[in-house]
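Everything below concerns the one structure shown next.
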Number of protein chains: 2
Amino acid sequence: MFGVVSRFLSNATNRIDAKGRVSVPASFRAVLLECGVQELYCLQDFIYPAISVGGPDLLDRYEKQIASVDPFSPEANRMSLLVHGGGVFMRLDAEGRLMVTDFIRDFTGISSEVTFVGRSDHFQLWRPQAFHEAQAAAREGRFGSRPV
Amino acid sequence: MFGVVSRFLSNATNRIDAKGRVSVPASFRAVLLECGVQELYCLQDFIYPAISVGGPDLLDRYEKQIASVDPFSPEANRMSLLVHGGGVFMRLDAEGRLMVTDFIRDFTGISSEVTFVGRSDHFQLWRPQAFHEAQAAAREGRFGSRPV
DNA sequence: TGGGACCATATGGGCGTCAATGGGAGAGGC
DNA sequence: GCCTCTCCCATTGACGCCCATATGGTCCCA
């Protein structure tokens, strides 16, 4: 196709079912399909209480970023702790659903609903209210969520 | 007509039908057609409770701004949250109508009617009353609507 | 100048398809 | 053996694509 913009955009909120699964929005799945992504790399955002999700290339990008700063700096140390110690691979089921594990719940505070937020080259999982607060704060030039 | 006016001007209010659709004013559609725009980038405005609508170039402009700073900086993260997480691509149906999704309703308060407002290089979707209030306030030099 | 054909716009609705969600049953690990 | 995860199927409600109607305006021609 043409005209199809293969970027993660917009936000949508879906319910978690009794088994702890949640449907990834179809528009996001379409991007994953187009990029041929099957293994999803998930890690904790550096700033917000959200889980970032993308293809394996997402991990590559973070590792390059770590390599680009002083390897002994607190910043590199902190990033490595999150990227390597806090990253995990996941995959979707046949219906395009994701298991919401404790890894995700504990970091984001997600319990019954997940807000999916597009970030161009990846997307994020948020607790709905936390997302709205962070977005409102961002509009005012603040961050609204403590650095984690 | 006189000349080719490829700008979005004036305002008009249309009803949302039972299926949640609304006709985009013909004059706006003409501008879109002239610019060859098929994919509409819709963004939750930074200041007003309104949705800004334009071509993909609207997104490009914001992304260039993001690209101008360190992509891993908190500042880039914050901007992406608004530009990517608060934006979405949509398209009109064969009759030139737009689906009024929860993405639009929740942010603007729109329920039964939409006021389309020309903004030269893009246009906006407003809840009719909110638009009139904001306009009246603007005449007095105020803003009239709290940043959302 | 008045009437009427014609057209564009806004709006209404049928219907097929797909997405989001719910739940059953089997495979595998502790 | 029990709990958990995965694969499969069912349901329902939303959305996209299509065609139909109304209303108001414009243009043409008598």
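To find a chain, count down the sequence lines: A is the first, B the second, and so on, and within it residues start at 1. Predicted model, so just to flag it, every value in this text is computed and none were measured.
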Donor-acceptor contact present, side-chain B:D45 to main-chain B:A50, <3.5 Å: no
Salt-bridge contact A:R7-B:E63 (side-chain N to carboxylate O under 4.0 Å): yes
Sidechain-backbone polar pair: B:S68 side chain, B:Q65 backbone, donor-acceptor under 3.5 Å: yes
Donor-acceptor under 3.5 Å (B:R97 side chain, B:I16 main chain): no
Atom-to-atom span, CE of B:M90 to C1' of D:dC15 - whole angstrom: 11 Å
Protein-nucleotide distance (A:I16, atom CD1; D:dC5, atom P), rounded to Å: 13 Å
Euclidean distance, atom CG of residue A:L92 to atom P of C:dA19 [Å, nearest integer]: 14 Å
Side-chain donor/acceptor contact of A:E95 with base of C:dC18 under 3.5 Å: no
Atom-to-atom span, CE of A:M99 to P of D:dC7 - whole angstrom: 13 Å
Side chain B:R91 and base D:dG16 donor-acceptor under 3.5 Å: no
Value in whole Å for how far the C1' atom of D:dA14 lies from CZ of A:R15: 13 Å
Sugar-phosphate, base or nothing in reach of B:D93, heavy atoms under 4.0 Å: nothing
A:D57 (side chain) donor-acceptor with A:D60 (main chain) under 3.5 angstrom: no
CD/B:Q135: more than 12 non-hydrogen atoms of other groups inside 6.0 Å: yes
Gap between atoms CG and C1', on B:L98 and D:dG16 respectively (whole Å): 13 Å
Side-chain-base donor-acceptor pair under 3.5 Å for B:R97 and C:dG12: yes
Presence of A:R29 side-chain N/O under 4.0 Å of C:dA20 phosphate oxygens OP1/OP2: yes
Atom-to-atom span, CD of B:E113 to P of C:dT11 - whole angstrom: 9 Å
N/O donor-acceptor pair under 3.5 Å between A:D17 side chain and A:R21 backbone: yes
Of residues 19-28 of chain A, the positions that come close to DNA chain C - non-hydrogen atoms, cut-off under 4.0 Å: A:K19, A:R21, A:S23, A:V24, A:P25, A:A26
Atom-pair distance (CG on B:L32; P on C:dT9), nearest Å: 13 Å
